[in-house]
Amino acid sequence: MLIEKINCNTQKYIESFSKTIRKEYGQFFTSIPTARYMASKATARGYLKILDVGAGTGILTAALIERFLRCRIVKTIDVVLYENDPGVIPVLKENLELMRMACQKKNISFQAKILEQNFILANEGTWKDVAGSQYDIVISNPPYKKISKSAAESEAMSDIVYGQPNIYFLCMAMGLHLLKQGGDYIYIVPRSWTSGLYFKNFRKYLLTYLSIKNMHLFVSRDNVFDYESVLQETMIVSGSKKEKQSPFVTITTSNGTNDFNQITSLKVKSSVCITKDENRYVLLPINRSDVETLEKMSQFHGTMESTGYFFKTGQVVEFRNEKSIFAESGEGRIPLIRPCHLNGGVVRFPVVTAKKQYIQSNGKSCLYTDMHDMLLLKRFTSKEESRRLQPAILQSRDFREKQIALENHVNYLVKADGEMEQEELLGLMAVFSSDLWDKYYRILNGSTQVNAGEVNSMPVPDVESIKKIGRRVLEKIPYNEVIEEVLYGENC
């Protein structure tokens, strides 16, 4: 079959070039089952103009051709393929000839143009031109590669860049810009764009012009790309170019690329899985329990930040301060709190560890703070751990020092106005120790990193409810029971 021949040519190419060379282009090849699944999201028309971004050996275009060969509606196919890796071009040309011959047998007119250009820079002039739309289908496995904020691609699309960009989301945005109204949008990309501060401006753009219809999640983090070992959360997002979001989104899951015949499917209200706040997070529930979690959380109309609390990240970056960090206590040295000190909901110091646990207090006030009771949160957990949110209370009475420093892998809670009362501290400890908030964060962020920005945007009860929770915690009631009682009452 057509796609198997093309995949065979792809395998030969991969074997002839090292992964190091391919990584320079952010190049990972789509498997046959994935390509076919993505092609199934495309709509047949009499005339089709298709854009393939980061075409590689052309397997996504081949999957579309294979699909349309079985459809009597399609008469003409015009494909534009962007690929700037000169090494793969001969294979791409060979594969396009196979596609042309397959179309010829079915009396379908087939034209293909390869543009050996940087996709973003080649279309820079159209980015702010509303008349840039020209394609019926945009399909892509774009390159995945971090670039600098000063890179030419970043500057060309500066209005959707925030912090350090990744080339893949610029390709997502430009592809959507070039798509006709009502056209089909199909991308396989990392999951990271759905949350996180760096993607904030991009999400606002994407969700303004794309009506998401389907999001497919791969449960496996390393079984998505053929011939590759890529450890990341990956998804397929598809929809159509419209300024109004569809009322429902279908979220499907499979373990990897070889079990699309065993996918689970969940139809979710778009209002439940796409937040309406300024962050515009895309939440990815995969079962009814997840949906119930989102529905429960939707009753809270304030966030951590709007309620007057926010987490910050510890200021001590070890490699920048290694000369000031010591294994033993001494004159002028204060505790350096690391994740290893957060254990079982409390801060224990010192502990048995190979890590150095003290830092010299040398007048750099930005690196330490006055000792006081505070709530800390680990920034990183392992995939295998049962909880993503792991808070702990630091009690000043357990320390003789008057100051303390926090390492960069620890988040700490501050109050925007006034001192933190014990009831608030205990109330928020209960909130972040509860199953409900842990489940919500897992839906929000598929990675093992707990970002302060995302936590600060999480819904929380009002201040009085937080204090009430704290008062009940003082009565030695388990956290989950307190949350159920105070927030939902007996009818929960």
Side-chain angles (χ1 to χ4, degrees), residues 28 30-42 60 63 139-142 144 168 172 184-196 199 203 206-207 210-226 228-239 245-275 281-297 381-388 435-436 438-449 454:
F28 302 100
T30 315
S31 68
I32 291 177
T34 302
R36 283 177 169 152
Y37 179 82
M38 292 173 68
S40 73
K41 304 301 177 184
L60 290 178
I139 193 166
S140 178
N141 175 2
Y144 312 151
Y168 86 80
M172 288 177 73
D184 297 322
Y185 182 90
I186 313 159
Y187 271 72
I188 179 169
V189 289
R191 174 179 169 165
S192 52
W193 69 271
T194 61
S195 62
F199 301 93
R203 281 194 301 273
L206 188 83
L207 296 171
L210 178 67
S211 174
I212 298 175
K213 295 179 180 178
N214 179 268
M215 293 184 286
H216 183 85
L217 308 177
F218 295 97
V219 176
S220 172
R221 299 174 72 218
D222 57 359
N223 188 26
V224 177
F225 297 101
D226 275 357
E228 307 286 358
S229 177
V230 182
L231 193 62
Q232 68 177 3
E233 301 277 350
T234 308
M235 68 183 295
I236 297 168
V237 57
S238 59
Q245 173 60 45
S246 170
F248 291 94
V249 175
T250 300
I251 299 175
T252 55
T253 59
S254 67
N255 185 60
T257 61
N258 296 315
D259 51 6
F260 280 105
N261 60 335
Q262 301 175 38
I263 65 174
T264 62
S265 181
L266 187 69
K267 192 174 183 180
V268 184
K269 290 181 180 179
S270 57
S271 59
V272 170
C273 64
I274 301 175
T275 68
Y281 290 135
V282 177
L283 307 172
L284 300 169
I286 60 174
N287 51 46
R288 276 292 144 202
S289 176
D290 286 350
V291 174
E292 289 171 6
T293 295
L294 296 182
E295 289 173 344
K296 277 189 172 184
M297 294 291 280
T381 57
S382 69
K383 197 72 176 176
E384 295 72 28
E385 289 184 274
S386 60
R387 295 193 61 82
R388 189 67 66 239
D435 293 339
L436 179 61
D438 191 69
K439 287 178 182 177
Y440 181 87
Y441 192 81
R442 286 176 178 272
I443 298 168
L444 170 64
N445 185 330
S447 76
T448 56
Q449 182 170 343
E454 289 174 350

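Throughout, residue positions are numbered sequentially from 1 according to the sequence presented. Here the structure is a predicted model, which is why all the values come from computation and not from measurement.
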Report the distance from atom [atom1] of [X] to atom [atom2] of [Y], rounding to the nearest 0.5 Å.
X: D290; Y: I443; atom1: CG; atom2: CD1; answer: 4.0 Å
X: I274; Y: S246; atom1: CD1; atom2: OG; answer: 9.0 Å
X: I286; Y: L266; atom1: CD1; atom2: CG; answer: 9.0 Å
X: R191; Y: I236; atom1: CZ; atom2: CD1; answer: 14.5 Å

Expected output: side-chain R387 to main-chain D438 donor-acceptor under 3.5 Å: no
Exam field: side chain Q245 to backbone I212, donor-acceptor pair closer than 3.5 Å: yes
Listed partners of D259 passing side-chain contact (heavy atoms from CB on, under 4.5 Å), at least two apart: S254, N255, N261, Q262
Partners meeting side-chain contact (heavy atoms from CB on, under 4.5 Å) with T275 (sequence neighbours left out): D277, Y281, L283
Taking all non-hydrogen atoms of both residues into account, name the closest pair between [X] and [Y] and its distance.
X: Y187; Y: M38; value: C-CE, 3.9 Å
X: E385; Y: R442; value: O-NH2, 3.1 Å
X: L284; Y: L217; value: CD1-CD2, 3.7 Å
X: P285; Y: L294; value: CG-CD1, 3.8 Å

SB check K439 D435 (cutoff 4.0 Å): no
Working for side-chain hydrogen bond (donor to acceptor under 3.5 Å, both in side chains), residues S192 and Y168: CA-CA 11 Å; S192 52; Y168 86 80; 2.7 Å; yes
Ring geometry between H216 and F218 (parallel below 30°, tilted from 30 to 60°, perpendicular above 60°): perpendicular
Derivation of the side-chain hydrogen bond (donor to acceptor under 3.5 Å, both in side chains) call for Y37 and T252: CA-CA 12 Å; Y37 179 82; T252 55; 3.2 Å; yes
Positive for side chain to side chain contact (heavy atoms under 4.5 Å, CB included) with I251, one of V268, T264, N214: V268
